[in-house]
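Taking it in order: structure first as structure tokens, then the write-up.
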Number of protein chains: 2
Amino acid sequence: MANAADCAYAVIRASILDGTFAPGSRLKEAELVEFCGVSRTPVREALRRLAAEDFVRIQRNQGAEVKTWSDDDLDDLFDLRALLEGHAAAAAARQISAAQLEQIRAAIVEMDAVLASSAPQAEQVAQFLRLNRVVHETVWEAAGSGRLQSMLGRLVEQALIAHTARHYSLARVAQSHHHHRELLDALAAGDAVWAEAMMRGHIRAARLTLKVPPS
Amino acid sequence: MANAADCAYAVIRASILDGTFAPGSRLKEAELVEFCGVSRTPVREALRRLAAEDFVRIQRNQGAEVKTWSDDDLDDLFDLRALLEGHAAAAAARQISAAQLEQIRAAIVEMDAVLASSAPQAEQVAQFLRLNRVVHETVWEAAGSGRLQSMLGRLVEQALIAHTARHYSLARVAQSHHHHRELLDALAAGDAVWAEAMMRGHIRAARLTLKVPPS
DNA sequence: GTGCACTCGATTGTATACATTAACGCTTCG
DNA sequence: CGAAGCGTTAATGTATACAATCGAGTGCAC
């Protein structure tokens, strides 16, 4: 990373996402200085950025702490995500390019391979989540709104914090996989209503995953 | 303003909104230091905040400039606003409180008074815009989603930059006024579909105002 | 004459010292 | 014994000095 500030941002952000800094934990600037290996100035800048993206909460003269998400917050978040991702899917259905369709198709094929492999389940899930992200980002991109794209990116990553250390069942993953397939059909058919409905359902189902504690 | 950083933020932001810093103009930190009367550190923090809120664009080692909005950007912005404000109106219709309804009603009554007054037209429009903001913010609040509320706040203020130095026709204001009245009816009736439709139309009409140059 | 490279100036990025604030614990008074 | 006031301390907020970077202008070589 060229910039000290970007570096601090990346390090802290990654540490929040992977659970090194648990939700609710205090982030003291002095500690982050040695953790990141840069001075306080870029650390502070990184914290402000993270606050703007709702990863941390900053109170005046009281420092930063990793944001915690209540169940209601998550409901709120996923409601908005369903609305916006549904909107994106509808827009995408109207104007998606052949290349973008192909990209989604390829990701789904890769998912097939991952799920059919004999890799450890955690590895399978990790791979699946990566490909899942590809599918969604391609849809956002096809929707053709930079603003929508960045909003969704942020919402999804906020949701990821809540996901930390939560494992997915293979059954849940399989359901997602079916959603993706049908979404692809809807997009290929150029059916905006169908695509929007599928995407909204897909997001609502994802919300449920976070509600039911893993057994 | 207690904080130097908050102070700088408020000053710069206000100057962007009122056109003192025109879209596209470069914001040099040294200039802002004397403009705001604080040191570079809080000025930089303010600029980063403004960048996070899409008021300015920052390029590495090249400083900040007031963001410019193309026609397509504004289409994009208002599309999203219509979607989100429509969603907010629908949610509000389902759960708005009597006090909030009354607040909207009072704002509309005040609008009546403003439009019937003999104040200079610019003054009338300014007052109307303030009350317009009250109506919208009350709807957002009634929707009950903090996230939606902050997103809409940002979108609206981005739109305001484009409005700078653009005057509204009284005819346009009267149309808005009618929208508000009908929106109130829909909210009072608890009719989410009606409320959403009204709000979407209201926003689309507002977009048109920015497209047609003032005569 | 044109194109490239180099230097200089201006501006942003970073580190650090200092100021300010708020929380915590102690003392003291009721 | 409890509560309120005050001082200490540990953190954040601010200013400023220094470093790195970019762009423009100039001069040299081809």
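Letters A, B, ... are given to chains in the order of the sequence lines, protein chains preceding strands, and every chain is numbered from 1.
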(request) Quick one: list whatever passes side-chain hydrogen bond (donor to acceptor under 3.5 Å, both in side chains) with A/T20, sequence neighbours left out. (result) A/D18
Contact list (N/O, under 3.5 angstrom) for nucleotides 18-21 of chain D vs protein:
from   : atom 1 : to    : atom 2 : distance (Å)
D/dT21 : O3'    : B/N61 : ND2    : 3.3

(request) Go through the structure and list residues passing side-chain hydrogen bond (donor to acceptor under 3.5 Å, both in side chains) with B/E34, not counting sequence neighbours. (result) none
(message) Going by the rule side chain to side chain contact (heavy atoms under 4.5 Å, CB included), which residues pair with B/N61 if we only count those two or more places apart in sequence or in a different chain?
(response) none
(message) Under the rule for side-chain hydrogen bond (donor to acceptor under 3.5 Å, both in side chains), what residues qualify as partners of B/E45, not counting sequence neighbours?
(response) A/R48
(request) Let me know, please, whether B/G63 or A/S39 comes out on the 5' side of the other along DNA chain C by nearest nucleotide. (result) B/G63
(request) Could you note down all residue pairs passing side chain to side chain donor-acceptor pair (under 3.5 Å) where residues 89-99 of chain B supplies at least one of them, sequence neighbours left out? (result) B/S97-B/Q100
(request) Measure the angle between the two terminal helix axes of the helix from C/dG1-D/dC30 to C/dG30-D/dC1, five base pairs each, and quote it to 10°. (result) 10°
(message) I need the residues from residues 22-31 of chain B with at least one non-hydrogen atom less than 4.0 Å from DNA chain C; give them sorted by number, or say none.
(response) B/R26, B/L27, B/K28, B/E29
(message) Strictly by ring-ring contact (aromatic ring centres under 6.0 Å, His included), give each pair with a member in residues 133-155 of chain B just once, sequence neighbours left out.
(response) B/H136-B/H180, B/H136-B/H202
(message) Rounding to an integer number of Å, can you tell me how far A/L47 CG sits from D/dA11 C1'?
(response) 13 Å
(request) Please collect all ring-ring contact (aromatic ring centres under 6.0 Å, His included) contacts where either partner lies in residues 21-52 of chain B, sequence neighbours excluded, each pair once. (result) B/F21-B/F35
(request) Could you note down all residue pairs passing ring-ring contact (aromatic ring centres under 6.0 Å, His included) where residues 37-93 of chain A supplies at least one of them, sequence neighbours left out? (result) none
(message) Rounding to an integer number of Å, can you tell me how far A/Q59 CD sits from D/dA11 P?
(response) 17 Å
(request) Ignoring backbone atoms, test whether A/Q62 places a side-chain nitrogen or oxygen under 4.0 Å from the OP1 or OP2 oxygen of D/dA11. (result) no
(request) Under 4.0 Å from any heavy atom of chain A: name the first and the last nucleotide of DNA chain C that qualifies, 5' to 3'. (result) C/dG13 to C/dA23
